[in-house]
There are 2 protein chains.
Amino acid sequence: MKILNRDVDYAVRALVLMARNDRPATPVAGMREEVRVSGPFLRKIMQKLQRSGFVHSVKGKGGGFALARDPGNIRLGELVSALQGGIRLNDCVSGGKLCAFHSACKLRGRLASMEGRLLEELAAITVKDLA
Amino acid sequence: MKILNRDVDYAVRALVLMARNDRPATPVAGMREEVRVSGPFLRKIMQKLQRSGFVHSVKGKGGGFALARDPGNIRLGELVSALQGGIRLNDCVSGGKLCAFHSACKLRGRLASMEGRLLEELAAITVKDLA
DNA sequence: AATGAATGATACCCAAATGGTATCATTCAT
DNA sequence: ATGAATGATACCATTTGGGTATCATTCATT
Ligand code: FES
Ligand code: FES
């Protein structure tokens, strides 16, 4: 039961870094040291963040990445949704492999609300909180 | 972000089944139909449950598995711990790959307490509840 | 004692997800 | 032109999850 995968982990570090020293553009080469990850991998993550609208990018010399949104409004829950996909619950529910008690089952609903609460808690944490 | 894996899923179904028709011993062959899973796989899971003390087993002809504990006291949280292992949080914490802000990081504690709450919620659900 | 129904233990295998690298194209300041 | 930067994408390697196969052991029945 791992809550955050690597992508989210590194993304958080990078975003926090950018939130701290608010520069017009930070290249990957200027972050990979502190984030403790290889350049190419961090770059791939940053590109995902760019596509999801968390950061914007500037190509060419002097370019790099910068926050596209107020760090106080970048919520962990959104990062999780963007970088490690949605909810799957258990296979009985999402995979269509129903068990014999399906109609009377009290489990599905409970799991759904649990996952909901989890995401709420994640949504309560912003990049600013962590900077 | 999947809460329950297959093992737990099938285990719950089997335990609920046993709680319903309280027989002295149910063989795997008598459960695999309703649980909707292959015999060998269910058997492997049942063996795990036996090793963890949730059920006891009787070998030989007429044997099988039976609940070793009151179904009202078999909690989902325990099943998760026994069948899909403990907590890993993110790699910054569990993997020892600390990031640059480790000492000041507010994330680890939050994740830990979130996971704790999740397990509490799971612990509130018993096999009896689901039967 | 022999048989067959059952679990115990363990090794193995396959597929999917995760984590990570490599390559080439594109943009842009100098 | 050059070189520093990202965009896009294909590829690879490791781990995990899900599942099968096999042989050993136990025990009720005959
Ligand atoms: S576990 Fe199958 S319906 Fe709930
Ligand atoms: S994410 Fe590294 S110390 Fe918190």
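Throughout, protein chains are lettered first and strands after them, A, B, ... in sequence-line order, and every chain is numbered starting at 1.
For the pair A:Lys59 NZ and C:dT30 P, the interatomic distance rounds to 18 Å; values are reported in whole Å. Atom NZ of A:Lys44 is separated from atom P of D:dT9 by 13 Å (rounded to the nearest Å). When the P atom of C:dT7 is taken as reference, atom CZ of B:Phe54 falls 19 Å away, rounded to whole Å. Residue B:Ile45 contributes atom CD1, which lies 12 Å from atom C1' of D:dG17 at whole-angstrom precision. As rounded to whole Å, 10 Å separates atom C1' of D:dA21 from atom CZ of B:Arg43. Between the P atom of C:dT21 and the CD atom of A:Gln47 lies a distance of 15 Å, rounded to the nearest Å. When the C1' atom of C:dG20 is taken as reference, atom CG of A:Leu83 falls 16 Å away, rounded to whole Å. A straight line from CZ of A:Phe41 to P of D:dA13 spans 17 Å, rounded to a whole angstrom.
Using modelled atom types, no side-chain atom of A:Arg75 and backbone atom of A:Thr126 make a donor-acceptor pair closer than 3.5 Å.
Nucleotide C:dT30 has D:dA1 as its partner under the Watson-Crick or G-U criteria, with both atom distances under 3.5 Å. If you check D:dC27 for Watson-Crick or wobble pairing at under 3.5 angstrom, you find it paired to C:dG4. Both distances falling under 3.5 Å, in either a Watson-Crick or a G-U wobble arrangement, place D:dC11 opposite C:dG20.
Of all nucleotides listed (D:dG18, D:dT20, D:dC27), D:dG18 comes nearest to the side chain of B:Lys2.
B:Leu76 CG to B:Asp129 CG: the interatomic distance, rounded to the nearest 0.5 Å, is 9.5 Å. Atoms CG and CD1, on A:Leu107 and B:Ile3 in that order, are 9.5 Å from each other to the nearest 0.5 Å.
Comparing A:Gly60 and A:Arg51 by the nucleotide of DNA chain D whose heavy atom lies nearest to each, the residue mapping closer to the 5' end is A:Gly60. When each of B:Ser57 and A:Ser38 is assigned the nucleotide of DNA chain C bearing its nearest heavy atom, the one mapping closer to the 5' terminus is B:Ser57. Each of A:Lys61 and A:Val37 lies near DNA chain C, and the nucleotide nearest A:Val37 is the one positioned closer to the 5' end.
For the residue pair B:Gly39 and B:Val28, the shortest heavy atom distance occurs at O-CG1, 3.7 Å.
A salt bridge links B:Arg69 to B:Glu78: at least one charged side-chain nitrogen sits closer than 4.0 Å to a carboxylate oxygen.
Heavy atoms of B:Val28 sit under 4.0 angstrom from primed sugar atoms or phosphate atoms, though from no base atom.
Side-chain nitrogen and oxygen atoms of A:Gln50 include none within less than 4.0 Å of the OP1 or OP2 phosphate oxygen of D:dT6.
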